[in-house]
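See below for the structure under consideration.
Every chain is numbered from 1, with letters handed out A, B, ... down the list of sequences. Please read all numbers here as calculations on a predicted model, not as lab measurements.
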Number of protein chains: 2
Amino acid sequence: MTVKAPSESVTQRVERQLRSDILTLALPPGSRLSEQDIGSRYGSSRQPGREALIALSKSRLVEILPQRGAVIAKISVAKLMQAAFVREAIETAVIRSACSSFHFHARTRLEDCLKAQERAVESGDRAEFRRYDDLFHRTLADGAGLMMAWTVVEDLKAHIDRACCLSLGKGDALRKLLAEHKAIVAALDARDSHAAEAAMKSHLSELLQDLPTLEAAHPDIFE
Amino acid sequence: MTVKAPSESVTQRVERQLRSDILTLALPPGSRLSEQDIGSRYGSSRQPGREALIALSKSRLVEILPQRGAVIAKISVAKLMQAAFVREAIETAVIRSACSSFHFHARTRLEDCLKAQERAVESGDRAEFRRYDDLFHRTLADGAGLMMAWTVVEDLKAHIDRACCLSLGKGDALRKLLAEHKAIVAALDARDSHAAEAAMKSHLSELLQDLPTLEAAHPDIFE
DNA sequence: TCGTATGAAATTGTATGGAAGTGACGACAT
DNA sequence: ATGTCGTCACTTCCATACAATTTCATACGA
């Protein structure tokens, strides 16, 4: 007997594709979009397009102008800094909490993430690396019994990720991120909450280093 | 010449009313709702009802069962604890940041909040007190230049507030909360980030004190 | 030349019709 | 007694029709 695959609804698919196109900058910030545009772009009627726009406007990726249309949000340095601030506040708290109690099974999944990232570094596959970066942070929250923290961070992360898409990413950037992950896990294993928090903090701030450079290089898509 | 009042759309009104009815427990957790129900309850067609349900499902106040309907989320102790954890992580970080830099004008608005809450305590108006409690915390974030932090907290707070509606609230509870607000402001004025963080922490944990009692008293609406 | 009306086009906001999914219930066979 | 199947009511999900609003261009008049 086959388990029923809970197939994705049209709205979910459109939302996922639109989000992806926004995050990868396939749809450049500042673009104007109508519900109709979205619908025909992804092969649906207005309704799924409308619901996707509403959903993404909740995480501030698009701005809905009442009665007029929607615009892909420009990358705002202020929003970026605030998102990073809140993310850091949450993730440092999570890692601290993880140091006092962490699910055994999650620990082995962390190991899997590290291994997968190791492979991604070798093959230079940035997308793969990023997938497991997400999973790494999610697993930390899960192991600490704080999945809600991850759902909040996930939303904030979207803004940060969009900026990361611009970053050229020198060859050894991934290697550095991986080393930071390993430092976090090491501190977690040692139940050293101060070290873990510090490692997490420096890991997260990593991403904002070359923000000024990026803004100078792409003035049109910044606010 | 009068400024045009940007009148509320039907969807917004329905969403606001539904949210309010959920938070005040006028709609008890566990109730099943259809788009049609919402529409006729608040005098609209199914569409605004649908969009309101979708919106509230994002903040996990209702759970949408695909092809079947929606239910008002039950109060979950686990979700409540996680929401409180994340809120504390964010708000303590905000108050710490506020201690290093805080907008002058926001400081006077804090004073207004305290005064208004003083009056609310005198008249015993809990709703009024709560309104200014929100404004107090929002103003802290605003003054620190971290409004995004407040938008995140606001969503988490919904779950906490719903539980607070159950709490009988002894007469001097408000007085205690007000005193805590004053302690936070005092520490902020002194730029004493450790004291401010501690004051905020104890203020937020205040709300969860009698959670076990509540759960025992209302087993039906807990998960 | 400039400001103002007017009207068409585009867009969202709202309502409604219809297809398809889900679970409940009972008839019926085993 | 139990399990399988068909029917039925209910609901969402998606498409589409209609109404309301905004914008833009254009024409007109001072």
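In the displayed structure, Glu206(A) atom CD is contacted under 6.0 Å by more than 12 heavy atoms of other residues, nucleotides or ligands. Under a cut-off of 6.0 angstrom, the local environment of CE in Met147(B) is crowded, with over 12 non-hydrogen atoms contributed by other residues, nucleotides or ligands. Annotation for Phe136(B): atom CZ counts as buried by contact number, over 12 foreign heavy atoms lying within 6.0 Å. Counting non-hydrogen atoms of other residues, nucleotides and ligands closer than 6.0 Å to CZ of Arg60(B) gives a total of 12 or fewer. Other residues, nucleotides and ligands contribute more than 12 heavy atoms inside 6.0 Å of the CD atom of Glu111(B).
His181(A) and His203(A) have perpendicular rings, their planes meeting at more than 60° on a 0 to 90° scale where under 30° would count as parallel.
Shown for residues 33-41 of chain A: no residue has heavy atoms falling under 4.0 angstrom of DNA chain D. Across residues 65-73 of chain B, Gln67(B), Arg68(B) each have a non-hydrogen atom less than 4.0 Å from an atom of DNA chain C (numbered order). For residues 46-64 of chain A, proximity to DNA chain D is found at Arg46(A), Gln47(A), Pro48(A), defined as any non-hydrogen atom under 4.0 angstrom from a strand atom.
For Arg96(A), the side-chain hydrogen bond (donor to acceptor under 3.5 Å, both in side chains) partners two or more places apart in sequence, or in a different chain, are Glu197(A). In this structure Gln82(A) satisfies the side-chain hydrogen bond (donor to acceptor under 3.5 Å, both in side chains) test with no other residue, sequence neighbours excluded.
In this structure, CD of Glu15(B) is placed 13 Å from P of dG13(C), rounded to the nearest angstrom. One can place CZ of Arg32(B) at 14 Å from P of dT22(C), the figure rounded to the nearest angstrom.
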Which is it for Arg119(B) and Asp125(B) under the side-chain contact (heavy atoms from CB on, under 4.5 Å) test, yes or no, and what are the steps along the way?
CA-CA 9 Å; Arg119(B) 284 192 299 274; Asp125(B) 186 340; over 6 Å; no
Worked check of side-chain contact (heavy atoms from CB on, under 4.5 Å) between Val94(A) and Val153(A)
CA-CA 11 Å; Val94(A) 166; Val153(A) 167; over 6 Å; no
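Between Thr24(A) and Cys165(A) the shortest heavy-atom distance is CA-SG, 3.9 Å. Contact between Ala73(A) and Arg162(A) at its shortest, heavy atoms only, is O-NH1, 2.8 Å.
Inter-residue side-chain proximity for Leu177(A) and Phe129(A) is flagged as met; some heavy-atom pair is nearer than 4.5 Å.
Between Ser44(A) and the phosphate of dC14(D), there is no side-chain N or O to OP1/OP2 separation shorter than 4.0 Å.
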Could you list the protein-to-nucleotides 5-9 of chain C atom pairs, N/O on both sides, closer than 3.5 Å?
none

